[in-house]
Undergrad: 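I'd like to ask some things about the structure below.
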Amino acid sequence: MDTDEFIPGLHQPASLLPIAQHRASLLYVIETCPVTIIVGQTGSGKTTQLPQYLEQAGWCRDGKLIAITQPRRVAATTVAKRVASELQCPLGQEVGYSIRFEDVTSAATKIKFLTDGLLLREALVDPLLSRYSVIMVDEAHERSLSSDVLLGILKKIQKKRPELRIIISSATLQADEFLHFFENDNAIDEAEKAHNEEVNTQTGQIVKIEGRAFPVDIHYTTNPCENYLERAVQTIFDIHSSEPEGDVLLFLTGREEIETVIEMIADRIPSLANTADRILPLPLYAGLTTEQQMYVFESAPGHTRKIICATNIAEASVTIDGIVYVIDCGFVKLKAYNPSTGIDTLTATPVSKASATQRAGRAGRTKPGKCYRLYTEASYSRLAETTVPEIQRSNLAPTILQLKALGIDNIARFAFLTPPPAELVTRALELLYSLGALDEYAKLTKPLGIRMAELALEPMLAKCLLSATSFGCLSEMLTIAAMTSLQGNVWFTHDSKKKEENARWKFAVDQGDHLTLLNVYQAFITKGKKDAHWCRDHFLNFKSMTRAVSIRNQLRRYLERFGIDVSESLNTNNDVLRVGGEQATRPVEENIRRCLTSGYFAHAARMAPDGTFRTVDGKTTLHAHPSSLMFNRKADWVVFTEVMETGDKIYIRDVSKIEKSWLVEYAPEYYRVRS
DNA sequence: TGCATTGTT
C-alpha cells in the first residue's frame, strides 16, 4: 500500500461518533421506558458505544450483565474485541463474548456480546434471563428466525421482569413495527391498561441516530434487460472506461452466475487498450474456503480496478472497503419450505426495496458512490418493501420444539412478530408428534422430547442419536450426527473435479453416504487430525472437519449430562454386537442404517429403473445429488438426511440404503395413516 | 444423469 496515500478512517474517535450527542437522551429513554428502539445506520456507533454508556450509568450494579446479541458469530467476536480495546481491558474480563464452542467471559464480565441463537439457548437454563439487566437485540431488522423468536420470548419475560430493559436496533423501515409489537398486548387486561395510561407510562420509544454514510447516486435501466449477466458485464466495462477510480461490487444470485460472469469479463479483457488501467475480477461466495475469500480484501496492484462478483454474502455479512460502484442484478436466492411436500426450495426471487437499499449503501462507505440497478424504476416501485421473514418460510419443527422446551405450550397464542402460516405450524407439530417428541396433547414428552430440544440438532437427527443406544451404535451415530451437521461442506471444491471424485472413492461404503462419512471422520481422526495437508490431498475441507470434531464433543457432553453411557470403543465394520435382544446377531453397519431409519422415516424413497427416486406416496420424483454415492449406484429403498429443490429438480443428499420393512417397523403409525 | 444463499444452536 502506498505510504503517501490517506486512508479513510472508518473508526472514528468515540467522541466524534453521531451517537455521542444522544448519550444523555438515550440513557433517559432507557431509564424510563421498558423498550427502546434505536434506529441507526452503519457507523453511528450504537453497537460499540451504547453498551459502554449503560455500564457507566450503573446498569451492571448488583452483578447484572448487559447482553448484546448479533446474528453472526464474527460480528459478536469483532465487536467485543473493539469495545474491550476502547475500554483498555483484556478481552474476557469486563467485556467478553460467547458463541458456540467459544466462551470468552469470566466472573468479571459486565458487557457480553453473543449470538442471538445462543441467548435463546441460555433461556432453557435460565427462563427469565435473570442475569441480565439490559438485553440489546442488534440487527433485528434482518428478521432471522432466532432473533424473531428471541423478541417473542423477551416480550413474555418482560411481563414477569418489568425492570428488564430491552433495546432493539432496527433499520428505519421496521422501527414502528417493533414498537407496535411491544405496545400491542391482547393479554394485558383493561384495568392494567387504564392504569398505565393514568400514570402515563410508555412501553417504548423510538430514538433515531444519524449514520455516517455518503450519498449514493442510483441509476436504473430504461428498458427491462433480457440478460442481466451480459448487461452486468457491459456496465462493468462502461464504468471502467468512463468513471474515476474505485472498485466495483456486483451482486449476483449464486456460484454458477459468478463463474460465468468472471469468464465473460476475462474474454473481454484483451479488447482493453494497452494503456488502459487493468481489471481484476474476483469471486465471493460462502462456498469458497477462507483463503479463497481473502483475495477480495487485498488491495489490487497499481492501476487495477477490482471487480468483486458476489452473492448476498456481501449485502450484510461481509464488508469490503474501497467499493465505489455497486451493480445490482435485482435478484437473490431465497429458501422457502413447502409444508405440503416437506421440501425446501431454493429459487432466485426479486429482492425487496430494503435489500436493494442495503446493496446500494455498500457503495457509499468511504466516499460518494454510484449504484446501477439492472432493472427499471417501474420494476423497483413494484418490489416488496421488505423480504419475507424467515419464520414465514421455514421448516418450523426445530423452532416449535425449542418453544415447547421454553414452556410455551400454546404455539397459537405465542407473540410472533409476524405469525407463521398455519400450515407450517401444523406440519411441524405433526412431524414432532411422529418422532415421539410430542404426545397426543402436543406436550413435550419426557425424557425424549426434552432431550431432543436440548441437543443442538434438527429433530430427525436428534431422534436418531437418542435411539442409537438401543441399536448399539451410539459412538457411530455421534460421528454421523456431527458430519451431517456440516451440510455438504465436507468436500473441498476444486477445479479438477475428476480428482475430487476419485478421492471420494477411497472412503466409499456400498451402503451409502452416512457410512462413507463415518469412514471419512475416522480417517481424519487417525491420520489427518490437525493436518491441513492430509485434508487437501484427500479433497476434504479442513475447517469443516475440525468443526465436526467440536460438534461431536459437544454432543457427547450433552449425552453424558442426560446420563447416557457413551463408551467410545468403536465397533469395526462387521462386528457382531454384544448387546441383548435380536440386534445382537446383526452387523453394526446394519444397525446404523436401522437407527437412521428410526429418525428419518419421513425421508424415505425408492429408486426407479431409470435411477431416479420416488417418494413413498409415489407423487414426487427425486434425484440423487451428484455428490452422493447413489448418483451412480443402484439401490432400492433409501432414507436421506437432506432434500432441496433447485431449478427444476429435487436433489437428495446424504443417502443410505434401507429395507422397506424397517419403515413400518420403526414408524408404524406414520405409515399406517398413509397406506 | 451433473451441483447449495446465508446464517445459527
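Within every chain, numbering begins at 1; the chains are lettered A, B, ... in the order of the sequence lines, protein sequences first and strands thereafter.
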Undergrad: Just how far, in rounded Å, is C1' of dT5(B) from CD of E257(A)?
TA: 12 Å
Undergrad: Taking for each residue the nucleotide of DNA chain B bearing the nearest heavy atom, is the 5' side occupied by H623(A) or by E642(A)?
TA: H623(A)
Undergrad: What residues, two or more places apart in sequence or in another chain, satisfy ring-ring contact (aromatic ring centres under 6.0 Å, His included) together with F542(A)?
TA: none
Undergrad: Base, sugar-phosphate, or nothing: which does L346(A) touch, judged by heavy atoms less than 4.0 Å apart?
TA: base
Undergrad: Determine yes or no for a side-chain-to-main-chain donor-acceptor pair under 3.5 angstrom, with T349(A) supplying the side chain and T347(A) the backbone.
TA: yes
Undergrad: Identify which one of R121(A), Q402(A), R561(A) satisfies the side chain to side chain donor-acceptor pair (under 3.5 Å) criterion when paired with E454(A).
TA: R561(A)
Undergrad: Hey, is the side chain of R121(A) poking within less than 4.0 Å of OP1 or OP2 on dT8(B), counting only N and O atoms?
TA: no
Undergrad: Out of dT9(B), dA4(B), dG7(B), which has the shortest distance to the side chain of R100(A)?
TA: dT9(B)
Undergrad: Taking only side-chain nitrogens and oxygens of T115(A), does any of them come within less than 4.0 Å of OP1 or OP2 of dG7(B)?
TA: no
Undergrad: Does dC3(B) have its OP1 or OP2 closer than 4.0 Å to a side-chain nitrogen or oxygen of Y651(A)?
TA: yes
Undergrad: Return whichever of Y558(A) or T345(A) has its heavy-atom-nearest nucleotide of DNA chain B closer to the 5' end.
TA: T345(A)
Undergrad: In whole angstroms, how far is the P atom of dG2(B) from the CD atom of E256(A)?
TA: 12 Å
Undergrad: Specify the separation, in whole Å, of atom CD of E139(A) and atom P of dG7(B).
TA: 13 Å
Undergrad: How many whole angstroms separate atom CZ of F539(A) from atom C1' of dC3(B)?
TA: 17 Å
Undergrad: Does R653(A) get its side chain close enough to the base of dA4(B), under 3.5 Å, for a donor-acceptor pair?
TA: yes
Undergrad: With a non-hydrogen cut-off below 4.0 angstrom, is N632(A) in contact with a base, only sugar-phosphate, or nothing?
TA: base
Undergrad: Looking at S317(A), I'd like to know whether one of its side-chain N or O atoms comes within less than 4.0 Å of OP1 or OP2 on dG7(B).
TA: yes
Undergrad: With a non-hydrogen cut-off below 4.0 angstrom, is Q402(A) in contact with a base, only sugar-phosphate, or nothing?
TA: nothing
Undergrad: Whole Å only: how far is the CG atom of D513(A) from the C1' atom of dC3(B)?
TA: 14 Å
Undergrad: Among the candidates dT9(B), dC3(B), dT6(B), find the nucleotide nearest to the side-chain atoms of K335(A).
TA: dT6(B)
Undergrad: Donor-acceptor pairs are to be reported for all side-chain atoms of residues 645-653 of chain A against protein atoms at under 3.5 Å, with residues two or more places apart or in another chain.
TA:
residue: R653(A); atom: NH2; partner: Q487(A); partner atom: O; Å: 3.0
residue: R653(A); atom: NH2; partner: E642(A); partner atom: OE2; Å: 3.3

Undergrad: Could you tell me the separation between the CD atom of E458(A) and the P atom of dG7(B), rounded to a whole number of Å?
TA: 20 Å
Undergrad: When you get a sec, tell me which of dT9(B), dA4(B), dG7(B) is the closest nucleotide to the side chain of I313(A)?
TA: dG7(B)
Undergrad: Hey, is D636(A) close enough to R606(A) for a salt bridge, meaning N to O under 4.0 Å?
TA: yes
Undergrad: Would you say CD of Q41(A) has more than 12 non-hydrogen atoms from neighbouring residues, nucleotides or ligands within 6.0 angstrom?
TA: no
Undergrad: Counting just side-chain N and O atoms, does K649(A) come under 4.0 Å of either OP1 or OP2 of dG2(B)?
TA: yes
Undergrad: So what does S627(A) touch, heavy atoms closer than 4.0 Å: a base, only the sugar-phosphate, or nothing?
TA: nothing
Undergrad: Between atom CD in E315(A) and atom P in dG7(B), what is the gap in whole Å?
TA: 12 Å
Undergrad: Looking at S144(A), I'd like to know whether one of its side-chain N or O atoms comes within less than 4.0 Å of OP1 or OP2 on dT8(B).
TA: no
Undergrad: Can you figure out which of dT9(B), dT1(B), dA4(B) approaches the side chain of F631(A) most closely?
TA: dT1(B)
Undergrad: Rounded to whole angstroms, how far apart are NZ on K333(A) and P on dC3(B)?
TA: 10 Å
